[in-house]
S.K.: 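My questions all concern the structure below.
Bear in mind the structure is a predicted one, so any value in this text is a computation, not a measurement. Atoms within a ligand are numbered from 1 in the order they appear, just like the ligands themselves.
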Amino acid sequence: MSATSRMQKAAPTTAKAARNTKAAARTVSTAAETVSAPRRDLDPAAMATTDALETAPPIQTKVLEVDPNWITFSAPSAVRNGAAQDPLAHLNAVPTITDPRGITALQEATRWLTVEQQVIGLPTETVYGLAGDARSSVAVSRIFAAKRRPSDNPLIVHVASLTMLEDLVGEAAITPVHRRVMAAYWPGPLTLLFPIRAGVLPPTVTAGQSTVAVRFPAHPVARALIAVSGCPLAAPSANASGRPSPTLASHVVRDLEGRIPLVLDAGQCACGLESTVLSVEDVARPVVLRPGGVTVEQLAVTLGVDVACHSGHVADAATPAAPGMKYRHYSPRARVIVVENSTPAAVKAVCGRYKRVGVLRTVSPVAVPGTVDFDARADPAQELFRALRWLDDQGVEAIVVEGMADAHVGRAFMNRVRKAASEIMDARAVTWAAVVSSTSSSTR
Ligand code: TXA
Ligand code: MG
């Protein structure tokens, strides 16, 4: 990883950090940047829900830095002594915030969530979320409005203790299969579906589904805020609907400035892709509705059965298992071309079609000359959304993405890039030598 990449990983969105990164080739977006016009063309179904927000005056968006190292969790004493009977007892650990700046930030966030029923940008280990109290219909409608999300796309509810989960869905809804995967992957990037418990959440959270999606984030800031505020937090990814998910606080500011009062900034998200969404309704045939950081292969080992993975290709008219799958996703403004079974010759040939083109490299050791290069080989999953946004900001006409093997974490990567793509090509299906020679005289 280059020095620039390392600096950006840690870079918070403060004015000072922005000055420090000014000279960097991969500029970090800052709160001071102009907010780009939202892509209203992508989500016509969302328009009805956003009218009220359209007429509301913009609000000031504040960014507060919170270092995850300011927060520690102590497990219940029975876990510490090795006397705990319940393999899920560790989920009732409580946070200690050691730095006064962390206390102030979490208090301010709590006030927005509870007193004001507002929504805020929140770091998680997957992507930044747009979080509001899941029990408040006001907060939930603000989430849909702020990101212009279609109202038929349900939200994930984030919890930070076993007790909070039990309050939300009822003890009886937590089956032995749930418990097995929770013991293995919570806290972490795995979302589980549970049957709805009547009267706990506004129906808008679940958008008419009979289940509610619940996740227990591992990120210390998200986990501590849920614990401190006492709020289960409904939180979709904090991008404007249809845009790439945010993995830096600056991405959230770019998409939602003027629409939300606060973004907590903890630097770059570690996973970079959203959580795995798993349904264990049919215990003999668990289904991954959205691949993510916890892989299908890992889940099959944990559960000892085959685990299906939804393809994600769903007709717009259908009601898919995960409603979000039917919407256009993750799209930068530039055209995205995915080259599956990628070879350097194939990528070079596709680049030859464009005057100004970006390449998101996941495999090739060297850049294609004359292109805007983003080397994501160190961690393609973590870098994908940042790369799409950054290449877009360079004003390229097209972004050529080198595909990865469609297994393990590559499955989640390929799921996202296929959804972002205007065009998917298979390097094996074309005689690239011929294409290269026919385009080699083009100027780029
Ligand atoms: O990592 C993540 O999951 C991030 C962070 C912020 O936690 N959140 C996130 O939320 O990606 P969102 O709203 O962008 O994606 C949630 C996905 C959508 O595809 C939605 O349709 C699906 O989960 N989903 C939510 N509730 C569901 C339910 N009850 N049944 C099936 N799918 C559901
Ligand atoms: Mg999303």
Side-chain angles (χ1 to χ4, degrees), residues 42-43 46 119-132 134 140 143-144 146-160 168-169 173 185-197 201 203-219 221-223 225-226 232-247 251-252 255 264 269-281 287-294 310 312 314 318-331 381 385 412 415-416 419-420:
L42 295 179
D43 294 300
V119 297
I120 65 161
L122 179 70
T124 84
E125 73 278 23
T126 55
V127 299
Y128 276 75
L130 178 62
V140 170
I143 291 173
F144 281 97
K147 64 175 279 169
R148 296 188 164 92
R149 183 180 176 101
S151 58
D152 65 350
N153 192 3
L155 306 177
I156 294 174
V157 180
H158 298 66
V159 298
L168 201 63
V169 301
Y185 302 108
W186 276 15
L190 177 69
T191 295
L192 296 172
L193 301 192
F194 295 89
I196 285 179
R197 185 185 201 184
L201 294 171
T204 42
V205 173
T206 46
Q209 302 287 312
S210 57
T211 52
V212 57
V214 186
R215 172 158 120 73
F216 193 131
H219 197 291
V221 176
R223 210 175 152 186
L225 179 61
I226 298 166
L233 293 180
S237 48
N239 50 290
S241 213
R243 296 268 298 141
S245 293
T247 55
H251 298 159
V252 183
D255 280 15
L264 298 181
C269 301
C271 301
L273 299 177
E274 307 88 340
S275 62
T276 304
V277 179
L278 176 69
S279 167
V280 292
E281 198 178 11
V287 184
V288 166
L289 304 177
R290 178 178 70 181
V294 174
H310 200 285
V314 180
T319 303
M325 292 188 297
K326 74 181 177 189
Y327 292 106
R328 187 171 172 202
H329 263 92
Y330 315 120
S331 304
F385 292 135
N415 170 275
R416 304 309 190 273
K419 280 169 188 268

S.K.: Could you walk me through whether N239 and Y128 pass side chain to side chain contact (heavy atoms under 4.5 Å, CB included), step by step?
M.R.: CA-CA 8 Å; N239 50 290; Y128 276 75; over 6 Å; no
S.K.: Of all the atoms in ligand 1, which lie at a distance below 4.0 Å from a heavy atom belonging to L193?
M.R.: 28 (C), 30 (N), 31 (C)
S.K.: Could you see which bit of T206 sits under 4.0 Å from ligand 1, with heavy atoms only: side chain, backbone, both or neither?
M.R.: neither
S.K.: Give the single entry among S275, A131, P154, C269 that approaches atom 26 (N) of ligand 1 most closely by any heavy atom.
M.R.: P154
S.K.: Short question: side chain of R290, backbone of S275 - any donor-acceptor pair under 3.5 Å?
M.R.: yes
S.K.: Quick one: pull up CG in L190 and CG in L278 and give me the separation to the nearest 0.5 Å.
M.R.: 6.0 Å
S.K.: Scan V294, V127, T124 and name whichever one has a side-chain contact (heavy atoms from CB on, under 4.5 Å) with P189.
M.R.: V294
S.K.: Within the distance-only criterion (no hydrogens, no angle test), does the side chain of K147 pair as donor or acceptor with the backbone N or O of D255 below 3.5 angstrom?
M.R.: no
S.K.: Using a 4.0 Å cutoff against the non-hydrogen atoms of N153, which atoms of ligand 1 qualify?
M.R.: 18 (C), 20 (C), 21 (O)
S.K.: So, taking the atom named CZ in R223 and the one named CZ in F216, what distance separates them when rounded to the nearest 0.5 Å?
M.R.: 4.5 Å
S.K.: In terms of atom number and element, which parts of ligand 1 are under 4.0 angstrom from non-hydrogen atoms of T211?
M.R.: 28 (C), 29 (N), 30 (N)
S.K.: Nearest to atom 15 (O) of ligand 1 by heavy atom, R290, K147, H158: which?
M.R.: R290
S.K.: Using 2.8 Å as the threshold, say whether any N, O or S atom from S241 sits that close to the Mg ion (ligand 2).
M.R.: no
S.K.: Just checking, is any N or O donor in the side chain of R215 or T126 under 3.5 Å from an acceptor N or O on the other one?
M.R.: yes
S.K.: Just go through A235, G129, G292 and tell me whose heavy atom is the nearest to atom 8 (N) of ligand 1.
M.R.: A235
S.K.: Could you list the atoms of ligand 1 found under 4.0 angstrom from a heavy atom of A213?
M.R.: 25 (C), 26 (N), 27 (C), 29 (N)
S.K.: Please confirm whether the backbone N or O of E274 pairs with a side-chain atom of R416, one donor and one acceptor, at under 3.5 Å?
M.R.: yes
S.K.: Give the numbers and elements of all ligand 1 atoms closer than 4.0 Å to a heavy atom of S237.
M.R.: 8 (N), 9 (C), 10 (O), 12 (P), 14 (O)
S.K.: Could you say whether the N/O atoms of R149 and ligand 1 ever approach to under 3.5 Å?
M.R.: yes
S.K.: Purely on distance, is any nitrogen or oxygen of R215 under 3.5 Å from one on ligand 1?
M.R.: yes
